[in-house]
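These notes are about the structure you will find just below.
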Amino acid sequence: MSKKRGLSLEEKREKILQIFYDSQDFYLLKELEKLGPKKGVISQSVKDVVQSLVDDDLVSKDKIGISIYFWSLPSCAGNQLRNACSKLEAELLSCNKRFQDLVEQRENLKKGRENSDEREAALKELHAVEQKHNQLKEEMGLYADNDPSALEAMRNATEVAHSAANRWTDNIFTLQQWCLNNFPEAKEQLEHLYKEVGISDDFDYL
């Protein structure tokens with residue numbers, strides 16, 4: 001014998017809703033978990049099924065004291081479904097109108113763009129101009145190093161770097177003099193240190 005097929009989620013939802021509709025009463029979750037198996041819905045899945053119904057506004061819930069009660073009436077469910085249907089119909093009308101507007105816009109854009117010898121010639125000319133433009137841009141890139149504005153920027157950057165190098169050279173000379181004045185007995189060790197860090201005897205301003 002083949003194994004009995006389990007209920008789908010939609011079938012479980014229908015079974016749980018039937019509990020509410022048959023009794024038209026209020027239930028705690030633990031009560032629904034006891035009633036679910038009688039309808040073929042295992043108790044472990046009742047909570048998720050009920051929550052899905054709450055999310056879809058097919059079941060209402062409210063907290064009274066420390067307890068949370070669930071309920072659903074056939075008339076409430078019908079009203080909710082009618083409201084959802086009205087909302088979807090309104091969205092459909094809006095989408096249809098948008099579609100018609102786009103179709104009309106497309107037709108308007110087509111005007112003046114009909115295939116003709118004149119249009120084909122204009123498109124070829126446009127394509128040729130675009131190719132020439134791209135070619136000139138590439139050639140200009142080859143001469144970018146000779147651009148007057150680029151040369152001016154390099155000249156300014158060189159002046160800034162030159163001033164900065166001499167400023168740091170002056171700082172090094174000041175530091176060397178301070179060390180010599182405060183640690184005259186360590187003159188040889190300091191000169192050795194200077195050479196280690198790259199300050200040679202010919203170190204000077206640019």
Side-chain angles (χ1 to χ4, degrees), residues 9 29 44-45 47-57 61-63 66 68 84 87-88 90-206:
L9 176 59
L29 180 59
Q44 291 89 340
S45 65
K47 181 179 179 180
D48 292 336
V49 174
V50 172
Q51 185 59 51
S52 74
L53 293 169
V54 172
D55 293 339
D56 290 343
D57 293 327
K61 74 173 184 178
D62 199 3
K63 187 174 183 180
I66 61 173
I68 298 177
K87 182 179 178 181
L88 291 173
E91 291 179 356
L92 179 60
L93 287 175
S94 177
C95 289
N96 284 335
K97 185 178 183 305
R98 176 59 177 163
F99 175 74
Q100 293 300 326
D101 291 341
L102 290 173
V103 170
E104 183 179 351
Q105 183 179 357
R106 184 193 63 180
E107 295 303 320
N108 290 334
L109 290 173
K110 283 183 178 180
K111 294 178 181 178
R113 299 187 180 186
E114 296 81 2
N115 289 329
S116 64
D117 294 340
E118 183 180 356
R119 187 168 188 272
E120 289 295 328
L123 289 174
K124 288 181 180 180
E125 182 179 355
L126 174 62
H127 182 63
V129 171
E130 289 176 342
Q131 284 187 322
K132 185 63 176 178
H133 174 69
N134 293 331
Q135 180 183 348
L136 291 174
K137 282 180 64 177
E138 292 178 0
E139 291 181 3
M140 287 179 63
L142 297 176
Y143 300 104
D145 292 340
N146 297 323
D147 184 359
S149 59
L151 291 173
E152 183 64 22
M154 291 175 62
R155 187 178 296 109
N156 293 335
T158 301
E159 291 178 359
V160 171
H162 185 273
S163 298
N166 282 335
R167 184 170 60 254
W168 281 105
T169 299
D170 190 57
N171 291 340
I172 290 173
F173 284 151
T174 301
L175 179 61
Q176 286 179 319
Q177 188 61 46
W178 182 87
C179 291
L180 182 61
N181 293 338
N182 288 273
F183 308 101
E185 70 282 358
K187 180 180 179 181
E188 293 183 1
Q189 292 90 328
L190 288 171
E191 289 179 351
H192 181 67
L193 175 63
Y194 299 151
K195 291 181 180 179
E196 283 187 347
V197 296
I199 303 175
S200 58
D201 294 337
D202 59 351
F203 180 76
D204 204 346
Y205 296 100
L206 295 177

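In this structure, L88 CG and L93 CG are separated by 11.0 Å, a value rounded to the nearest 0.5 Å. Between atom CG of residue L193 and atom CD1 of residue I199 there is a gap of 7.5 Å, rounded to the nearest 0.5 Å. Taking CZ of R106 as the start and CG of L102 as the end, the distance is 9.5 Å to the nearest 0.5 Å. Note: D204 CG to N166 CG = 9.0 Å, rounded to the nearest 0.5 Å.
For S45, there are no side-chain hydrogen bond (donor to acceptor under 3.5 Å, both in side chains) partners at least two apart in sequence or on another chain. Every residue was checked against the side-chain hydrogen bond (donor to acceptor under 3.5 Å, both in side chains) condition with H133, not counting sequence neighbours, and none meets it. Every residue meeting the side chain to side chain contact (heavy atoms under 4.5 Å, CB included) condition with E120, not counting sequence neighbours, appears here in chain and number order: N115. Under the side-chain hydrogen bond (donor to acceptor under 3.5 Å, both in side chains) criterion, Q131 pairs with H127, not counting sequence neighbours. Residues that satisfy the side chain to side chain contact (heavy atoms under 4.5 Å, CB included) test with L123, not counting sequence neighbours, are R119. Partners of Q51 under the side-chain hydrogen bond (donor to acceptor under 3.5 Å, both in side chains) rule, at least two apart in sequence or in another chain, are D55. E188 pairs by the side chain to side chain contact (heavy atoms under 4.5 Å, CB included) definition with nothing, not counting sequence neighbours. In this view, K87 and E91 satisfy the side chain to side chain contact (heavy atoms under 4.5 Å, CB included) rule, not counting sequence neighbours.
Among residue pairs with one or both ends in residues 154-168, those qualifying as salt bridge (charged side-chain N to carboxylate O under 4.0 Å, His left out) are E152-R155; sequence neighbours excluded.
Inter-residue side-chain proximity for K195 and E191 is flagged as unmet; no heavy-atom pair is nearer than 4.5 Å.
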Could you give the side-chain donor-acceptor pairs of residues 173-184 under 3.5 Å, partners two or more places apart or in another chain?
from : atom 1 : to   : atom 2 : distance (Å)
T174 : OG1    : D170 : O      : 2.9
Q177 : NE2    : N181 : OD1    : 3.1
N181 : ND2    : Q177 : O      : 3.3
N182 : ND2    : W178 : O      : 2.7

What donor-acceptor contacts under 3.5 angstrom involve side-chain atoms of residues 94-101, with partners at least two apart or in another chain?
from : atom 1 : to   : atom 2 : distance (Å)
N96  : ND2    : L92  : O      : 3.3
K97  : NZ     : D101 : OD2    : 3.3

Would I68 and D62 satisfy side-chain contact (heavy atoms from CB on, under 4.5 Å), going step by step from the backbone distance to the final call?
CA-CA 6 Å; I68 298 177; D62 199 3; over 6 Å; no
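The minimum heavy-atom distance linking I66 with K63 is given by the pair CA-CE, 4.2 Å.
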